[in-house]
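What follows is a single structure, written as structure tokens, with notes after it.
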Number of protein chains: 2
Amino acid sequence: MRISELVERTGVPLATIKYYLREGLLPAGEATAATRAEYGEAHVRRIAVIRALTETVGLSVQKAREVLRLIDQPRDSLFDTFGQAIEALPPEVTPEATADYPRARAVLEKLGQLYDPRFAAVAQLERALAAAEAAGIPLDDARLAVYGPHIRAIAEFDISRMPLDDATAAVEYAVLGTALHEPVLVALRRLAHQDVAARRYGVAPPATPPASRKSARKSPRARSRPKGS
Amino acid sequence: MRISELVERTGVPLATIKYYLREGLLPAGEATAATRAEYGEAHVRRIAVIRALTETVGLSVQKAREVLRLIDQPRDSLFDTFGQAIEALPPEVTPEATADYPRARAVLEKLGQLYDPRFAAVAQLERALAAAEAAGIPLDDARLAVYGPHIRAIAEFDISRMPLDDATAAVEYAVLGTALHEPVLVALRRLAHQDVAARRYGVAPPATPPASRKSARKSPRARSRPKGS
DNA sequence: TGCACTGGATAGCTACGCTATCTAACATTG
DNA sequence: CAATGTTAGATAGCGTAGCTATCCAGTGCA
């Protein structure tokens, strides 16, 4: 297909697609002449992945390029490739093999997991723990005792679904699965918060910002004090 | 304390603190004279929260201001306040009460949760689901059956720890807890992935980027099970 | 032959998050 | 009391990111 069709299919402006081509996020089409190139389904999907990484995961174009590069040209081992991909994900940390991450170390020890300061995710965890602590909501033992096992169960499932027969597919699954399911998990938690709060305290759905207060009546569901507690 | 001490305590440059003051993220100190003001511990903590929201959660300064404003001046109900806060969190969505979010709706129905398109998190979930789908890793039923209950258990714990006696503390806990524990959960999942993969497939810790390849030998762990293909 | 479309190159634009400078009003110190 | 240094407040500038717009000449198609 021609580039104009790519624009139609993806909804991404032509100038932006050209920008992605320039920046090396999108491979060039197969040139059929000096001013003509052929694009395929792979390009359509690639653009979708680019937008997913930048808009939904929140990566910069530069970081998205790093992630895509790892998928296209993986390291020797899947484990290394995966580690490199994590380094490109937010929050951005400057990895230092010699640094110590006391909060992350303590957490990992309590979980019985290996502490290795070379893992970018260790520095990311340290930063997240420090941020929560500074805001007055540290990750205490009780909370860790809940978060740890549930998150681990999720991770075990993720790994169990990794395609083992195809190395390329495995890399893609590992990298994109880790990155793209994060927004899903986060959104599910936010919705669960709202649902639990509504059921527990019997709160009505919120009014739309400019709208009326009586709109809460539109929901026949859980209003005043429906359930437990 | 004076502003210079605020600079020392937080490590944030003076010009940046003035910028936060200008932008309304940080309340002004108590003016003691035309060119003198007194700052307190609340300001120190506030700056830490600002940095946590911008650097770790990834909010823009504008969105951080919205979140902080909700903490300072909550809506009528905690539920409304919380909903508004979620709207400021990434991924950024333009909420439309009339829109339909089919993927999110299907997921919520399977989970037995209320679907209300006015919840910003519904639009956020829709976007996350669409992104994963476009990248070739949709949230199928099996995965949802795992993610859903575990995330819900986490959310239940979160809510159970909400302070009930103090309305101000409750708002702060709800808003900051939702936002600031997300990076923690995400980092824990990434680390769990690495740990599970290492245990299951016996992979050595990764070499530091510029370093030697033989560092893989440093792990005494087994190298069994050459993975697929 | 005419014309819309294309790849490729380059320049420009807007928003963001600071950063730097200036001024006048103070406080503090000796 | 004078010298010194800090401060609030205002304004201007700066570097990066992520596009966006324009131009040009080669090309396919009618």
Side-chain angles (χ1 to χ4, degrees), chain A residues 1-40 43-44 46-68 88-92 94, chain B residues 1-40 43 46-68 88 90-92 94:
Chain A
M1 69 185 79
R2 285 155 294 176
I3 203 169
S4 57
E5 197 176 338
L6 213 49
V7 171
E8 282 172 29
R9 291 276 300 276
T10 62
V12 176
L14 172 64
T16 304
I17 291 181
K18 285 188 171 188
Y19 169 66
Y20 292 154
L21 285 165
R22 276 202 306 280
E23 293 298 316
L25 280 83
L26 186 65
E30 195 184 352
T32 60
T35 63
R36 198 105 335 185
E38 185 70 13
Y39 302 88
H43 289 87
V44 176
R46 183 62 164 250
I47 289 175
V49 173
I50 292 170
R51 297 302 272 215
L53 290 177
T54 54
E55 295 188 346
T56 307
V57 181
L59 297 189
S60 66
V61 167
Q62 187 192 153
K63 292 293 177 188
R65 176 175 48 206
E66 286 177 32
V67 170
L68 292 168
L89 300 180
E92 197 164 340
T94 52
Chain B
M1 69 186 78
R2 283 157 295 180
I3 202 170
S4 56
E5 196 176 339
L6 212 49
V7 171
E8 283 173 27
R9 292 276 301 275
T10 62
V12 176
L14 172 64
T16 304
I17 291 181
K18 285 190 169 189
Y19 169 65
Y20 291 154
L21 285 166
R22 274 200 309 280
E23 293 299 316
L25 280 84
L26 186 64
E30 194 185 351
T32 61
T35 65
R36 199 104 337 183
E38 185 70 12
Y39 301 90
H43 290 87
R46 182 63 164 249
I47 289 175
V49 173
I50 292 170
R51 298 302 269 214
L53 290 177
T54 55
E55 296 188 345
T56 307
V57 180
L59 297 189
S60 67
V61 167
Q62 185 192 154
K63 293 292 176 190
R65 177 176 46 205
E66 286 177 31
V67 170
L68 292 169
E92 198 164 340
T94 52

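Values in this document were obtained by computation on a predicted structure and should not be read as measured data. Throughout, protein chains are lettered first and strands after them, A, B, ... in sequence-line order, and every chain is numbered starting at 1.
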Problem set entry | Sequence-distant partners of A/Tyr20, ring pair (Phe, Tyr, Trp, His ring centres under 6.0 Å), two or more places apart | none
Seminar exercise, completed: In 5'-to-3' order, the base (B), backbone-only (S) or no-contact (-) status of each nucleotide in nucleotides 24-30 of chain C, using a 4.0 angstrom heavy-atom cut-off, is -BSS---
Exercise. With B/Glu66, which residues qualify under side chain to side chain donor-acceptor pair (under 3.5 Å), at least two apart?
Worked result: none
For this session: Residues of residues 52-66 of chain B with any non-hydrogen atom less than 4.0 angstrom from an atom of DNA chain D: list those, numerically ordered, please.
Result: none
Problem set entry | Interface residues of residues 16-23 of chain B with DNA chain C (non-hydrogen, below 4.0 angstrom) | B/Thr16, B/Tyr19, B/Tyr20, B/Arg22
Exercise. Taking only residues two or more places apart in sequence or in another chain, which ones pass salt bridge (charged side-chain N to carboxylate O under 4.0 Å, His left out) with A/Arg9?
Worked result: A/Glu41
Exercise. What residues, two or more places apart in sequence or in another chain, satisfy side chain to side chain donor-acceptor pair (under 3.5 Å) together with B/Arg2?
Worked result: none
Exercise. Under the salt bridge (charged side-chain N to carboxylate O under 4.0 Å, His left out) test, which residues partner A/Glu8, sequence neighbours left out?
Worked result: none
Exercise. Who are the side chain to side chain donor-acceptor pair (under 3.5 Å) partners of A/Arg36, not counting sequence neighbours?
Worked result: none
For this session: Could you list the residues that satisfy side chain to side chain donor-acceptor pair (under 3.5 Å) with A/Tyr19, not counting sequence neighbours?
Result: none
Exercise. Considering only heavy atoms from C-beta outward, does the side chain of A/Ile17 approach that of A/Thr10 to under 4.5 Å?
Worked result: yes
Exercise. Which is true for A/Ala37 with a 4.0 Å heavy-atom rule: it touches a base, it touches only sugar-phosphate, or it touches nothing?
Worked result: sugar-phosphate
Exercise. Partners of B/Pro27 by side-chain contact (heavy atoms from CB on, under 4.5 Å), sequence neighbours excluded?
Worked result: B/His43, B/Arg46
For this session: Name all residues meeting the salt bridge (charged side-chain N to carboxylate O under 4.0 Å, His left out) criterion together with A/Glu23; count only those two or more places apart in sequence or in a different chain, and write none if there are none.
Result: A/Arg65
